[in-house]
Every structure is written in C-alpha cells, then in structure tokens.
Amino acid sequence: MELVHTIPEVRRRVAAARQKGKRVGFVPTMGYLHEGHLRLIDRCRERADYCVVSVFVNPTQFGPGEDYERYPRDLERDRRLLKERGVDLVFAPDVAEMYPEEPFIRFQIEKLADHLCGPRRPGHFSGVLLVVAKLFHIVQPDVAVFGQKDLQQLLLIRRMVRDLNFPLEIVAGPTVREPDGLAMSSRNAYLSPEERRQATVLYRSLQRAKELVQEGERSARNVREAMRAMIESTPGARIDYIEIVDLEELQPVERLEGRVAIALAVHVGPARLIDNLVLEIRGDDVREIPAI
Ligand code: PAF
C-alpha cells in the first residue's frame, strides 16, 4: 500500500494501474476509520482491482460553529487499518493541496437537500459535492462506494454523477452497527460512556417505527410522534429532526407506502448523530431494503 499526499502522485499511480488494465475503485473518507468504512472498502475491493481511499477532513462541508477543528484525526492508525484491509493507495492531502485558493464555483442544489440535514446544515451538501467532484476528477475511478448511513449524501452524489455525466458507478454500503444497534460513526468518539448508552435511542426509535409499520400503521405523523416520544423520554437526547420522506426526491410523505426513508438527527451530548431506515411497503408486506 502506498500513501501519497499530492494530486500528481495520485494521478501517476492511478494511470499506471489503469495501464495494467485494472478497474479502479474509490472510497472517499474523512478518516478516523471504523468498521463501517472498512466494509465500504471490502465492497470496493469486490468491484475493483485497484482500491484508492482518500482521508481528508473537508473544511468546505462544515458550517461556522460546527466540529471541523475538533473532528477526530489519526492518520497513522488509519494507515494501519487500510493496509490490513488490502487498500492499494491512500490519498491524504492537506487543505492547501485540495484548496490552493478560495473556490469560486459552488454547487446549487435544486432538490434532495431541502429536507433532512439540508436546511439544518446550510452549505453542507454544497461543500460535500464540491470535494467529491474534485476527488472524482483527481482519482477518476470506475466505481465509488458511499455508506447508507449518510443517506442524503449518498442520493445527492448519485444524482450529481447522473446530472454531470461522471463516467462512474456509485455503489452503496449498508450501515454497520455496534452490537446494541448504534450506527458506527467517527463522531461516536465524542460520547462519554453515559451518552454512548443514550445514543442507542436513535436505533431503538427506528426499530419501533418499523414495528409500528409492520403492525399496520401508515400515518407518517403517528410514526414520527411515537419516535419523538421515545427520544424525548431519553435524558441527554435532543431531537434535531425526525422525517419520513420518499426515496426519489427526499420529500416528506403523509402516508407510508412504496419506498420510504425514516431518518433522524439527534444531539446527544456534544455529538449530532444521524441514522435512517429504508422500507418498502406493498400492502401488508413491509421490508427493510437498501437505499440504492
Ligand atoms: O462521508 C464523508 O465522510 C464525507 O462527507 C465525504 C464523502 C468523504 C466528503 O468529504
């Protein structure tokens, strides 16, 4: 495995791999890796012969007062994990390499970002699309893998690839959970042991929502209210949003039918955590399905 820090070094390595006829896979990350990231890498290796991972905490996707400065970083540990997992190339640029000057061009998103995290984190998805588009141009992968935990990000990136004709395939990896259901996230590192226990309420409320739908509940409001009551009775947890949206445009639905996502963001102590569940509902048949 090679670790490089500059764009020309990545381009040279990827071009050499391509010349040998290899299919290039890519997993962009912000580092501080956990099993969730490593499963994305497994997926990447199943679909490509040469696997590139980027480790870059992207400043343009953090708003004022968010956790850019304190976002956990440990490149040495990441490097070890990536080597063990069979990654071929790690790209860990610094901010000056990715943004040598203030970018003038930004993404304006017409749909998909007006609910869920979009309005709560103004500019966030524009910053995500900016860095992902730059990384796609730098790495030029055939396939890129993103986690379903960041459902809105996944669907926006898939749409950007379609709208802007990037010649690559987007693949989703399922959310990886701790044994008690908490979705793995680098931000779980912010939690004290007590907050870590409280944080399981996100998963428990999603499971309760699924049970209600399996029992026949179809009103989005009733499902949201049941989740709200559960979270509000958990000390230390503060709801940012609970929304039930369609999977095409991420717009709120009143009734649960077809393919819908139940998504939430909750503050627990110093961490803002997100999670979601995608259901397919056909008559009485209710199944949990992958987002894409
Ligand atoms: O999901 C993340 O870790 C980031 O948003 C990404 C896709 C690496 C862009 O910075």
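Predicted model only: the values in this text are computed from it and were never measured.
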Over all atoms of both residues, closest heavy-atom pair of L273 and A199: CD1-CB, 3.6 Å
Matching residue for V268 among L191, T234, N188 - test: side-chain contact (heavy atoms from CB on, under 4.5 Å): L191
Gap between atom CG of L154 and atom CD1 of I170 - 0.5 Å precision: 8.0 Å
D142/R18 ion pair, N-O < 4.0 Å: yes
Qualifying ring-ring contact (aromatic ring centres under 6.0 Å, His included) pairs with a residue from residues 210-253, counting only residues at least two apart or across chains: none
Flag, side chain of Q108 to backbone of E110, donor-acceptor distance under 3.5 Å: no
Other residues, nucleotides, ligands: >12 heavy atoms within 6.0 Å of R221 CZ: no
Cluster overlap L40 with V176, hydrophobic side-chain contacts below 4.5 Å: no
Polar side-chain atom of H137 near backbone of K134 as donor-acceptor pair, under 3.5 Å: no
E101: partners by salt bridge (charged side-chain N to carboxylate O under 4.0 Å, His left out), with sequence neighbours left out: none
Side chain R77, main chain L33, donor-acceptor under 3.5 Å: yes
Verdict with reasoning, Q153 to L156, per side chain to side chain contact (heavy atoms under 4.5 Å, CB included): CA-CA 5 Å; Q153 166 175 288; L156 272 159; 5.8 Å; no
Nearest-0.5 Å distance, CZ of residue R11 to OG1 of residue T6: 10.5 Å
Contact summary for V27 and C44, nearest pair of heavy atoms: CG2-CB, 3.7 Å
Heavy atoms from other residues, nucleotides or ligands near CD of E215 exceed 12 (cutoff 6.0 Å): yes
Stepwise side chain to side chain contact (heavy atoms under 4.5 Å, CB included) check, R106 with T60: CA-CA 10 Å; R106 295 279 170 151; T60 66; 4.0 Å; yes
R73 (side chain) donor-acceptor with Y71 (main chain) under 3.5 angstrom: yes
Within one Ile-Leu-Val-Met-Phe-Trp-Tyr cluster: L129 and F56, side-chain cutoff 4.5 Å: yes
Ion pair check, E35 and R39, cut-off under 4.0 Å: yes
Cluster overlap I244 with L116, hydrophobic side-chain contacts below 4.5 Å: no
Sequence-distant partners of H5, ring-ring contact (aromatic ring centres under 6.0 Å, His included), two or more places apart: none
Heavy-atom closest pair, residues P28 and S54: CA-OG, 3.2 Å
Note: R187-D67 ion pair, threshold 4.0 Å (strictly below): yes
Donor-acceptor under 3.5 Å (E178 side chain, M184 main chain): no
Connected via hydrophobic side-chain network under 4.5 Å: V24 and V143: no
Expected output: side-chain R79 to main-chain L3 donor-acceptor under 3.5 Å: no
Residue list, ring-ring contact (aromatic ring centres under 6.0 Å, His included) with Y68, at least two apart or on another chain: F62
Atom CZ of R238: over 12 foreign heavy atoms under 6.0 Å: no
Worked check of side chain to side chain contact (heavy atoms under 4.5 Å, CB included) between L206 and M227: CA-CA 7 Å; L206 286 170; M227 294 173 71; 3.8 Å; yes
Contact list for residues 262-290, test side chain to side chain donor-acceptor pair (under 3.5 Å), sequence neighbours left out: Q148-N276, R177-D275, K210-E288, D240-R272, E280-R282, D285-R287
Common cluster, I157/L250, ILVMFWY with side-chain heavy-atom separation under 4.5 Å: yes
Test item: D74 side-chain N/O and Y32 main-chain N/O as donor-acceptor pair under 3.5 Å: no
Residue pairs fulfilling ring-ring contact (aromatic ring centres under 6.0 Å, His included) with at least one residue in residues 92-136, sequence neighbours excluded: F136-F166
Criterion side chain to side chain contact (heavy atoms under 4.5 Å, CB included) on I281 and V213, from CA distance to verdict: CA-CA 9 Å; I281 304 150; V213 182; 3.9 Å; yes
Atom pair CG (L89) and SG (C51), whose distance is rounded to the nearest 0.5 Å: 9.0 Å
Reported CD1-to-CG distance for the pair I289 and L277, which is rounded to 0.5 angstrom: 10.0 Å
Close side-chain approach of I274 and C117, heavy atoms under 4.5 Å: yes
Salt-bridge criterion met for E9 and R12 (N-O under 4.0 Å): no
Rounded distance [0.5 Å steps], OG in S205 versus CZ in R228: 11.0 Å
cation_pi(R13, F91) dist<6.0 Å, angle<=45: no
R208 CZ to R204 CZ distance, which is reported to the nearest 0.5 Å: 12.5 Å
